Structures are given as structure tokens and as C-alpha cells.
Amino acid sequence: MSLCIHCQVPPERRQQPGTAFVMWICPVCNNRGDATPSEARALSSWNLVNDADMPPHTCKAKALPRFFIRAAKWGSRCPGCDFVDHGYATIEGARAGWARATR
């Protein structure tokens, strides 16, 4: 399992009370994967948002993306300059949007 790309801390598994939804989340900075009833998908999504091979943003800070979900849509944000790309149905879509934005 990969460490958090932002603070190098191992994630912890959390389960939403009263449901089957699980997710992996960084206990320090709250970087997280998708909340899902599938343990395999939860782990896979954690690895997707913590891929050290993601390109850094093209701003002066050269920061790696922070992925988030808002209004049931995924997005990415540069912690260096606050560039935001939002509106994707999946983490994979948000990753593709980040890759396009950093070309």
C-alpha cells in the first residue's frame, strides 16, 4: 500500500458507521480515496490518488494534485496555486483532467 504523497504517512481504513462503505484516508492531511462498499475498489482508489508518477502542476510550486469530491463530482486542486479542475464522475476522470491540465 502506498503512503500519502503529501505527508508520507500510511493511510488508515475507515468504515462509515451503519453501512458497508469503506475508504482509505490519510490521518494527517485527510487525503483520501473513494468511499465504496468494495474493499478492493477502496484500496485501488487510494492508490490512484497517491500515484507519485502523476505530473506536478505547471505553476511555480510544482505541486502534486489533491483530489476531492464535492457535489458527487471528483476534482483536483493544486495546493501551490489553488488551480481547480472539477466536475468528473470518477477518480479516473479527475486524474485524466489533471494530466490534461499539466501538459
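Heavy-atom basis, side chains included; hydrogens, waters and symmetry copies ignored. This is a predicted model, so every value here is computed, not measured. Sequence positions, counted from 1, serve as the residue numbers for this chain.
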Rest of the hydrophobic cluster containing Leu64 (Ile/Leu/Val/Met/Phe/Trp/Tyr, side-chain heavy atoms under 4.5 Å)?
Ile5
On a heavy-atom basis, the closest approach of Cys29 and Cys26 is N-SG, 3.5 Å
Atom pair CZ/OG of Arg32 and Ser45 - distance to nearest 0.5 Å
8.5 Å
Heavy-atom closest pair (Gly80 atom, Ala61 atom, distance to 0.1 Å) is CA-CB, 3.6 Å
Closest contact, heavy atoms only, Glu12 versus Pro27:
OE1-CB, 3.6 Å
So does Thr36 get a backbone contact from the side chain of Asp34, meaning a donor-acceptor N/O pair under 3.5 Å?
no
Any side-chain donor paired with an acceptor under 3.5 Å for Ser76 and Asp85?
no
Any side-chain to backbone donor/acceptor pair from His6 onto Pro65? Under 3.5 Å, distance only.
yes
Does a side-chain heavy-atom distance below 4.5 Å link Asn31 with Asn50?
yes
May I have the step-by-step check of side chain to side chain contact (heavy atoms under 4.5 Å, CB included) for Val49 and Arg66, ending in yes or no?
CA-CA 8 Å; Val49 299; Arg66 300 260 334 182; over 6 Å; no
For residues Met54 and Leu48: do they belong to one hydrophobic cluster (side chain heavy atoms under 4.5 Å, members Ile, Leu, Val, Met, Phe, Trp, Tyr)?
yes
Determine yes or no for a side-chain-to-main-chain donor-acceptor pair under 3.5 angstrom, with Ser44 supplying the side chain and Ala40 the backbone.
no
Between the side chains of Arg41 and Glu39, is the shortest nitrogen-to-carboxylate-oxygen separation below 4.0 Å, so that they form an ion pair?
no
The single option from Phe67, Trp74, Phe68 that satisfies ring pair (Phe, Tyr, Trp, His ring centres under 6.0 Å) with His86 is Phe68
Any link between Ile69 and Phe21 through a network of hydrophobic side chains (Ile, Leu, Val, Met, Phe, Trp, Tyr) touching at under 4.5 Å?
no
Heavy-atom distance under 4.5 Å between the side chains of Arg14 and Val22, does that happen here?
no
If the plane angle is over 60° it's perpendicular, under 30° parallel, otherwise tilted; pick one for Phe83 and His57.
parallel
Partner residues of Trp24 under the ring pair (Phe, Tyr, Trp, His ring centres under 6.0 Å) criterion, sequence neighbours left out:
none
Considering all heavy atoms, the nearest Ser2-Pro11 contact:
O-CD, 3.6 Å
Would the distance check show the side chain of Gln15 and the main-chain N or O of Thr19 forming a donor-acceptor pair, the cut-off being under 3.5 Å?
yes
Flag side-chain contact, heavy atom, 4.5 Å: Met1 against Leu43
yes
Taking ring pair (Phe, Tyr, Trp, His ring centres under 6.0 Å) as the test, write out the residues that go with Tyr88, two or more places apart.
none
